[in-house]
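Report on the following structure.
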Amino acid sequence: MSPEGTAFALLHPDVARWVWEQGWTELRSTQTEAFAPILAGEVDVIISAATASGKTEAAYLPICSALTTTGPTSGISVLYVSPLKALINDQFDRLDRLCEHLEIPVHRWHGDVPGTQKAKLLDDPSGMLLITPESLEALFVLRGARIGALLGGLRYVVVDELHSFLGTERGAQLQSLVHRVELAVRRRVPRIALSATLGDMALAAEFLRPGAGKDVRLIVADDDAGQVRLQVRGYRTTPPRLDGASLRAALEAGDEVTSEDTAEGNELAIAGHLFETLRGSDNLIFANTRSEVEIFADLLTRRSEQAKVPNEFFAHHGSLSKDLREDVETRLKDRTRPVNAVCTSTLEMGIDIGDVRSIAQIGAPPSVATTRQRLGRSGRRGDPAVLRCYISEPEISARTSPPDALRAELVQTVAMVNLLLERWYEPPARGELHLSTLVQQLLSLIAQHGGVRPAEAYSALCGNGPFANVSSGRFAGLLRALGAGEVIAQAADGLLLLDVAGEQIVNHYSFYAAFSTPQEWRLVSGGRQLGTLPVSDRQPLRPGSLMIFAGRRWRIVGVDPGPRVVDLVAAPGGRPPRFGGTGALVHDRVRQEMLAVYRDGSVPAYLDATAAELLSEGRRHFACYGLDDRAVIDDGLESYVFPWAGDRVLHTIAAALTAEGLDVSGAGLALAVIGAATVEISALLGDLARRPAPDPVVLAAAVANKTVEKYDDLLPDELRAAGYAARTFDCPGAWEFLRRFVVS
DNA sequence: GACCTGCTGCGGAATG
């Protein structure tokens, strides 16, 4: 097809000429479908299509066409909101090339953009503005009185990488900001969203336009049925050559300790296979933690040194400095030299890094959705996507716990691979209250207007806004608690104002982000910034100790608690520091698929010999424990409950049993109970099943620390419990397990 | 033992 089709004819001649000049021989189906509704400027649109399928153009060609047709108007015409600064920089370059022909100014606004550029835009606002949610928040707080004029001529709001916002605090913030934009300009503005991995389109539509998701036009490309080649490789854990006392003795004797001495045998074997298989081409190696990224980047670098070949393996994660990360990203874009990035989810989305030969995954994937996103990084241009998973399981001894004996890590990987091949993936979390973000938005609203009436605030945020599931009673309780904490105060005329504590919170730049981050120390060597490290009390930094960071080995020479700076010099060995953090929740469907894998006798063709052995060991233990028809077992020391359900159900049952006085802790796919026999636990589970499912908020009362999100500590107790329950528990799911338990 | 994302204005020094 030539681009003169009907859809093409809709574009303004200047935009059509640009398309022509690009030498495109045809338009994609998403593009032809998107033109008419976006040009009309009446409906909201979601475009869901694979990476590099032209979905950005599907949005921008009609938007630019609409702007060109009407000519320049005062103020900003298009607000493009992106979750990443790097993505804004990428898009800015692409859009600028299109828009300079059309005389549409393009601006970017995020934390790395100089203040002079921002000041210039405020003097003469026009065209398209590419911005992060946090910078948009800052505009509301710092220039609230000007927002209406700045955005008065707004035609479109574009949200990129929509999936990254669904079900998160940052997503609630985005919904609130977009809603507040419409309140400021006193009219509805069409919302255009882009994504490559949306599982549930109805859910995404309801997120984009709360209350009217069914009116959102959905444009979905079905052309990404690419082939996948995969292998799951199994490894048996063996202890490092030097550990504990022998390592301390070697260090005290001044012996040279290398990474090979402190790495586990399976880590050495995995690094060996990665080195042999991946060297010479471009690949992404995903690990589940920043610590593991450091271990493997270091082991692979040392292999390169020993083989006397140039190093092609580089670490990339969120705690590394911008310099180091951009260096790796530049190498990935450079097609002349092969490069392998060892990374966390930092390279999962965003910047275009070109073609990648294969994906390696060390440890069980955190979720099916992230695995899909990671896999999308490889196998473009008709090549199959390649995924290799490296799974380690411990040697079995008399002290091995049932989850380890069941080879849960391997079986979870098999389950997730099966679901990936079925093209299923986890839907985003729903039903959460995001009360911490409601506090933030309330304070921001007060700052924007210099004061706000309680009824207006409720209407803006909860009534018609994104926090619609917060009742007026709960909102009033929230206002009282914030008043008691001197966060807000009420003037004699009823106006809500910021109080002392509120002023302090809002007047610091850290206010603009909805999510919380720990205090961090800066790691520096010879004046060069290497990155940052959250330092816990459990792991104090001592001068003299060794560490691995940025894929290299260091010794700490100085610790300055004032500016929180750690000085490092190159050293021979060490282990990476602990970074802390919380993992992702495992979904119900994954645990159900795990149960199916245990019950099944077939061995998937994608397992290597060791992985196949580990799977049969897991199935043997599953049979030995009698788990096919028993949910409660014991190994002589502890008892275990297997609900074969996701982490929310596990958390709910754990809280219910804790409330009954049992000592319960999480043990991966099961719950471990100390000091109670299986008959006792079974009787208790049966007893709980006969009661009605409890109010989750009442159940949350038994949990000691419910402060998770940024402003949770400002909430009244009842609301903190409600937010925690909505985030953590699944009472209907838990009681479904309990009732099945009684019947069987 | 467990991911990631983001942020302002000002003062002072160095440079063109």
Side-chain angles (χ1 to χ4, degrees), chain A residues 81-88 109-119 122 131-143 160-161 163-174 177 237 264 286-295 316-320 322 325 343-351 361-367 369-371 373-374 392 394 401 403-404 408-409 412 437 440 444 447 505-518 520 532 534 536 538-539 575-586 647 665-668 708-710:
Chain A
V81 189
S82 157
L84 297 173
K85 292 188 285 192
L87 201 55
I88 288 179
W109 186 309
H110 59 62
D112 298 341
V113 173
T116 48
Q117 283 184 29
K118 295 175 178 169
L122 291 173
I131 196 166
T132 58
E134 289 73 18
S135 285
L136 186 53
E137 188 77 68
L139 274 180
F140 272 104
V141 172
L142 299 170
R143 300 169 212 283
D160 205 354
E161 304 284 2
H163 66 273
S164 72
F165 291 110
L166 302 182
T168 68
E169 293 296 323
R170 210 176 178 208
Q173 177 188 26
L174 176 72
L177 289 171
T237 307
E264 293 172 346
F286 287 98
N288 290 339
T289 67
R290 285 167 283 189
S291 275
E292 281 185 319
V293 165
E294 292 294 351
I295 289 172
H316 191 283
H317 61 69
S319 291
L320 293 175
K322 191 167 167 261
R325 279 193 286 167
C343 55
T344 54
S345 44
T346 42
L347 290 180
E348 216 167 78
M349 73 172 176
I351 57 153
Q361 164 70 44
I362 301 174
S367 74
T370 57
T371 312
Q373 188 78 30
R374 291 174 183 187
S392 302
S401 72
D404 282 341
E409 179 116 354
Q412 184 178 321
T437 304
Q440 183 213 29
S444 173
I505 293 169
V506 175
N507 288 339
H508 194 265
Y509 66 85
S510 60
F511 173 69
Y512 309 129
F515 53 87
S516 63
T517 38
E520 290 180 327
T532 58
S536 71
R538 280 188 313 158
Q539 188 204 23
R575 291 289 284 182
R578 285 203 194 113
F579 291 89
T582 52
L585 296 177
V586 176
D647 283 334
S665 56
V708 183
E709 291 301 340
K710 193 171 178 184

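Order of the sequence lines fixes the chain letters, A, B, ..., with proteins taken first and strands second; residue numbering starts at 1 for each chain.
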Checklist entry - If you look at every strand shown and take non-hydrogen atoms under 4.0 Å, does A:Lys710 touch a base, only sugar-phosphate, or nothing? => result nothing
Checklist entry - Would one find a side-chain N or O of A:Thr132 under 4.0 angstrom from OP1 or OP2 of B:dG6? => result no
Checklist outcome for this item: What one should report as the nearest heavy-atom pair of A:Val708 and A:Ser516 is O-OG, 4.1 Å
Checklist entry - Would you say the side chains of A:His110 and A:Glu134 form a donor-acceptor pair under 3.5 Å? => result no
Next on the checklist: So A:Gln361 and A:Pro366, do their side chains get closer than 4.5 Å, heavy atoms only?
Outcome noted: yes
Checklist outcome for this item: Separation of B:dC3 atom C1' from A:His163 atom NE2, nearest Å, is 13 Å
Checklist outcome for this item: Among the nucleotides B:dC4, B:dG6, B:dT8, whichever has the atom closest to the side chain of A:Tyr512 is B:dT8
Item to check | Between B:dC4 (C1') and A:Leu166 (CG): distance, integer Å | outcome: 15 Å
Checklist outcome for this item: Result for 5'-nearest mapping on DNA chain B, choosing between A:Asn288 and A:Thr517, is A:Asn288
Item to check | Integer-rounded Å distance: B:dG1 C1' and A:Gln412 CD | outcome: 14 Å
Item to check | Atom-to-atom span, CG of A:Leu139 to P of B:dC7 - whole angstrom | outcome: 11 Å
Item to check | Centroid distance under 5.5 Å and plane angle under 30°, A:Tyr509 vs B:dT8 | outcome: yes
Checklist entry - With a cut-off of under 6.0 Å to the ring centre and 45° to the axis, is A:Arg170 in cation-pi contact with A:Phe515? => result no
Item to check | Under-4.0 Å side-chain N/O to phosphate OP1/OP2 contact, A:Lys118 with B:dT8 | outcome: yes
Checklist entry - For A:Phe515 and B:dT5, is the gap between ring centres under 5.5 Å while the planes differ by less than 30°? => result yes
Item to check | Position toward the 5' end of DNA chain B (nearest nucleotide), A:Ala138 or A:Ser345 | outcome: A:Ser345
Next on the checklist: For a quick check of understanding: with a heavy-atom distance under 4.0 Å over all strands, which category does A:Pro83 fall into, base, sugar-phosphate or nothing?
Outcome noted: sugar-phosphate
Checklist entry - With a non-hydrogen cut-off below 4.0 angstrom, is A:His508 in contact with a base, only sugar-phosphate, or nothing? => result nothing
Checklist entry - A:Arg290 side chain: which of B:dG6, B:dC3, B:dT8 is closest? => result B:dC3
Checklist entry - Given B:dG9, B:dT8, B:dG6, which nucleotide is nearest the side-chain atoms of A:Arg143? => result B:dG9
Next on the checklist: Counting the atoms with a prime plus P, OP1 and OP2 as sugar-phosphate, which does A:Ser510 contact under 4.0 Å by heavy atoms, base, sugar-phosphate, or nothing?
Outcome noted: base
Next on the checklist: What I'd like to find out is whether the side chain of A:Thr517 reaches to under 4.5 Å of the side chain of A:Lys710, using heavy atoms alone.
Outcome noted: no
Checklist entry - Which nucleotide sits closest to the side chain of A:Trp109: B:dA2, B:dT8, B:dT5? => result B:dT8
Item to check | Value in whole Å for how far the P atom of B:dT8 lies from CD1 of A:Ile505 | outcome: 18 Å
Item to check | A:Arg325 side chain, from C-beta outward: closest of B:dC3, B:dT5, B:dT8 | outcome: B:dT5
Checklist entry - Quick one: A:Leu347 CG to B:dC4 P, roughly how many Å, whole number? => result 11 Å
Next on the checklist: Whether the side chain of A:Thr344 and the base of B:dC3 hold a donor-acceptor pair under 3.5 Å is what I'd like checked.
Outcome noted: no
Checklist entry - In whole angstrom, what separates A:Gln117's CD from B:dG9's C1'? => result 16 Å
Item to check | A:Thr344 versus A:Arg290, side-chain donor and acceptor atoms under 3.5 Å | outcome: no
Next on the checklist: Heavy atoms only, 4.0 Å cut-off, all strands: where does A:Asn507 land among base, sugar-phosphate and nothing?
Outcome noted: nothing
Checklist outcome for this item: Between CG of A:Asp112 and C1' of B:dT8 the distance, given in whole Å, is 13 Å
Next on the checklist: B:dT8, OP1 or OP2 - any side-chain N/O from A:Ser135 closer than 4.0 Å?
Outcome noted: yes
